[in-house]
Amino acid sequence: MDQPLLVFNEKGIYCQQADVYIDAWKPVDKCIITHGHADHSRWGHKKYITHKNNVPIIKHRLGEIVVSGKEWNESFTINGVKFSLHPAGHIVASSQVRVEYKGEVWVFTGDFKTENDGIAEPFELVKCNTFITECTFGIPAFKWTPQEEVFSDINNWWAANRAERKTSVLFGYSLGKAQRLLKHLDPNIGKIYTHGAIENMTQVLRENYEFHQTTRVTRDTKKDELLGNIVLAPPSAHGGTWIRKMVPFVTASASGWMTFRGARRRRAIDRGFVLSDHADWDGLLTTVKETGAEKVIATHGYTEIFSRYLREEMGLDARTEKTQYEEEGSETSNKEENDISPGLSDPQQTKINEDEK
Amino acid sequence: MKDFAKLIKKLDSTNKTTEKVAALTAYFQMANDEDKLWTIAILSHRRPKRPVNTSLLRIWATEISGIPLWLFEESYHIVGDLAETIALILPSKEYSEETTKSLSQFILEIIELRTLPEEEKKNYLHENWLALNYFERFVFNKIITGSFRIGVSQKLMTRALSKATEIDEDILAYKLMGDWTPQKTTFKKLILEHNEEDYLSKPYPFYLAYAVEDNFQEDLGSITDWSFEHKWDGIRSQVIIRNNEVFVWSRGEELVTDKYPEFQKFLSVIPNGTVIDGEILPFGNGEIGNFNALQTRIGRKNLSKALLEKTPVILNAYDLLEWNGEDIRQLPFIERRKILDRLIQGINSLEIGVYLSETMSFNTWEEAAAERELSLEKRSEGLMLKRKDSPYLVGRKKGDWWKWKIDPFTIDAVLTYAMRGHGRRANLYTDYTFGLWHEGELVTFAKAYSGLTDAEFRQVDAWIKRNTLERFGPVRSVTPHHVFEIAFEGIAESSRHKSGVATRFPRILRWRKDKPIEEANTLDDLKALIPK
């Protein structure tokens with residue numbers, strides 16, 4: 001084949017044979033979407049194709065769109081190219097995209113993690129010739145501990161704050177991390193409150209997933225009723241006026257970046273829990289190996305370091321491609337900016353935000 | 001070690017001073033004396049010498065982890081801290097048994113490690129790395145690499161120690177000064193007992209001034225209550241004359257007597273039992289020189305005769321803390337100055353190298369402001385304001401002393417290179433290099449890494465990641481696009497800098513989003529600022 005099956009152009013990852021994009025960052029006619037985070041599911045495509053459980057999520061974020069929902073492993077063929085979606089384990093309804101043409105198989109991970117988090121459909125290994133992967137945490141400094149340990153720490157932290165009659169404020173993205181936290185918080189400790197952005201998203205997800213009961217923090221929520229309880233909030237709520245009504249409160253953040261002492265201190269957060277929805281170093285390497293791919297393309301994260309390691313230490317044909325997915329993840333993420341948007345539930349408002357990017 | 005690591009983890013996981021003090025106090029109340037003493041030593045920057053050089057540490061850590069050295073280096077640049085990087089990349093704990101060794105045991109082993117052959121060093125590290133959990137391992141590495149910055153100032157530590165021992169904070173601050181090590185003393189001797197001999201070379205804690213606030217004139221009351229001096233740019237020091245010996249202490253609590261042999265002359269004219277607070281200044285041809293000249297002397301191990309002749313120094317005396325062997329810090333400032341003035345006026349300044357920092361009084365703030373305007377000409381940094389009846393306090397305290405500096409120099413420069421920050425800013429590009437125009441090119445003139453808000457740093461960081469031209473290890477060159485207003489305190493010609501100019505304390509004043517790069521300043525604009 002002259003032209004590679006998938007190419008990276010100025011609009012996104014493109015399959016010429018099928019005339020389809022995957023996670024395009026500019027408006028295109030037809031786009032397969034891996035998951036609901038804003039940097040992967042952008043506004044303005046004429047037609048969206050995604051997993052069926054992701055449909056309500058992107059509709060919530062993008063408003064009225066033309067979208068077709070697929071099952072896991074359901075293949076659909078466009079001009080001879082066979083596509084299918086496979087769980088990526090990153091967040092609820094996140095997929096890897098498998099693309100096959102004339103016996104050659106490419107897989108794009110979107111974002112993924114290998115650990116089963118108990119809510120996102122667990123990662124499925126898909127064999128391929130060319131593996132296009134994220135590597136947000138692609139250096140050996142990142143090694144996750146099993147989530148049971150982390151959640152036990154989180155629940156202990158909450159219980160200790162409760163004993164001191166303080167409100168626990170726990171930060172996590174409104175889509176994905178917040179629900180993972182919610183799933184594993186121990187409701188026997190106290191009541192679980194949510195920031196509006198998280199509550200809205202969680203309501204959308206309740207259609208397909210089960211969560212503990214939550215209570216939205218509103219203007220009428222009294223400070224006293226929060227004491228000893230936990231509030232789930234997007235990272236952007238930190239330092240704003242919204243959080244002041246929680247005094248006395250203790251803050252914590254749950255993110256892979258909390259591995260670094262500096263990251264927690266930079267954000268002036270009291271406690272950092274290392275909990276990520278991306279694969280860690282070992283997870284990335286194991287996955288690359290097990291896909292059996294001879295070619296690897298790193299799209300976002302520590303791409304240059306990661307692909308050099310694959311070339312020099314694993315003898316793979318690895319390179320990097322420039323994309324507009326959030327490089328190095330958390331600090332300036334659009335995900336957060338979307339969380340700030342007061343009109344999150346208002347599609348028009350979200351559209352405006354997306355346009356600005 | 002377990003308890004010490006837990007303490008450090010606690011200190012590290014809160015931003016609240018009260019919680020840090022509480023954690024330290026609790027530790028001081030329960031730890032044994034040896035561990036307490038070593039904790040004090042470590043938190044006051046008295047660490048054992050590094051037993052293994054860092055390149056060996058890196059190599060051994062990568063061997064155990066099975067990663068190539070280049071990958072370690074890349075990871076280190078991202079993490080921003082060597083001890084933390086090593087702790088992170090090592091494989092998880094292998095041994096199930098927990099370490100029972102105390103902090104002081106560990107430290108004594110680390111001290112002894114220095115003398116052991118390389119192979120034994122390696123074995124020791126290997127064994128201990130794998131026996132410790134992540135955070136203990138991090139603390140262990142910190143002790144070895146010797147850079148324990150964890151947001152605990154000596155002041156904070158002293159406060160906790162005061163709570164635990166019920167000894168007054170200022171007295172503790174005094175006891176903790178000077179040239180002690182845990183191997184030469186004990187907790188009892190250093191902290192609890194009073195021992196005359198130990199006090200021979202001891203300096204007093206320095207009193208430091210805050211910068212004046214907006215409209216400070218209204219808050220300071222009558223101007224006649226205040227004494228004014230020029231603020232000199234040198235090395236703040238205490239010179240102690242006791243028992244026919246001279247001791248010179250810098251503000252960083254470093255004994256630097258050897259660096260200033262000229263001060264031995266003081267012995268002939270200044271009586272025993274005298275402590276002078278002042279500024280060490282470069283002084284040639286009868287006038288105060290530039291701080292840069294002094295920098296050539298700092299850091300030199302051996303002071304050659306030629307260097308001493310080329311860059312002579314003097315002590316500019318500000319204050320008198322001890323007289324006739326008595327601590328006179330509680331006397332009012334003007335009383336202390338009267339004694340100091342009498343002492344120094346009786347000395348041939350030119351011959352002995354000790355001068356008096358002239359005090360001034362003004363009747364109006366306009367007069368004071370006019371004097372401040374002369375600062376550049378006089379090569380001072382502005383004015384110092386001292387309340388005439390103030391005692392000499394400990395540390396940085398608001399109220400009695402203020403610095404009223406002249407406005408800094410400023411220039412608009414273009415961002416050309418960026419590097420990841422360290423510690424709190426690891427993983428963000430926050431260390432910037434700036435260039436000025438010269439013959440159509442941007443010539444590097446300064447580096448700066450402070451002055452922007454966290455939000456601005458994040459913005460610039462995101463921009464840098466998208467506009468990188470080339471990578472040189474941790475450094476990235478970026479498309480010239482952004483102009484920043486850079487402020488700095490001093491400026492002098494320099495042959496060591498590519499631009500031919502050295503600036504003091506450059507920092508970012510403002511992000512000039514309104515300016516295109518063509519409107520940034522030129523190197524000639526900068527050179528025009530050098531005082532003639």
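Convention: sequence-line order gives letters A, B, ...; per-chain numbering from 1.
Using a distance-only test at 3.5 Å, with no hydrogens or angles considered, no donor-acceptor pair links the side chain of A:Glu313 to the main chain of B:Pro68.
Scanning residues 54-65 of chain B against chain A with a 4.5 Å non-hydrogen threshold yields no residues.
Nearest heavy-atom pair, B:Val79 versus A:Ala141, reported as atom, atom and distance to 0.1 Å: CG2-CB, 4.0 Å. A:Lys166 and B:Glu19 make their closest contact through NZ-OE2, 4.2 Å (heavy atoms, listed as atom of the first residue, atom of the second, distance). Closest non-hydrogen pair, B:Tyr134 versus A:Thr259, comes out as OH-O, 4.3 Å. Scanning all heavy atoms of the two residues, the minimum distance from A:Asp270 to B:Lys16 falls at OD1-NZ, 3.1 Å. The minimum heavy-atom distance between B:Leu88 and A:Lys143, with the atom names listed, is O-NZ, 3.1 Å.
For B:Tyr417, the OH atom counts as loosely surrounded, since its 6.0 Å shell holds 12 or fewer non-hydrogen atoms of other residues, nucleotides or ligands.
Checking B:Thr85, B:Leu90, B:Leu71 one by one against A:Pro140, the side chain to side chain contact (heavy atoms under 4.5 Å, CB included) holds for a single residue, B:Leu71.
Within the 4.5 Å cutoff, side-chain heavy atoms of B:Trp70 are placed close to those of A:Arg308.
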Q) When you look at A:Phe260 and B:Ile78, which way does the side-chain contact (heavy atoms from CB on, under 4.5 Å) test go after all the steps? A) CA-CA 9 Å; A:Phe260 295 157; B:Ile78 291 163; 3.8 Å; yes

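With a 4.5 angstrom heavy-atom cutoff, B:Ser75 touches chain A via backbone and side-chain atoms both. B:Phe138 touches chain A through its side chain: at least one heavy atom from C-beta onward sits under 4.5 Å away, while N, CA, C and O do not. Heavy-atom distances place both the backbone and the side chain of B:Ile89 under 4.5 Å from chain A.
Distance check: A:Arg261 CZ to B:Lys9 NZ gives 12.0 Å after rounding to the nearest 0.5 Å.
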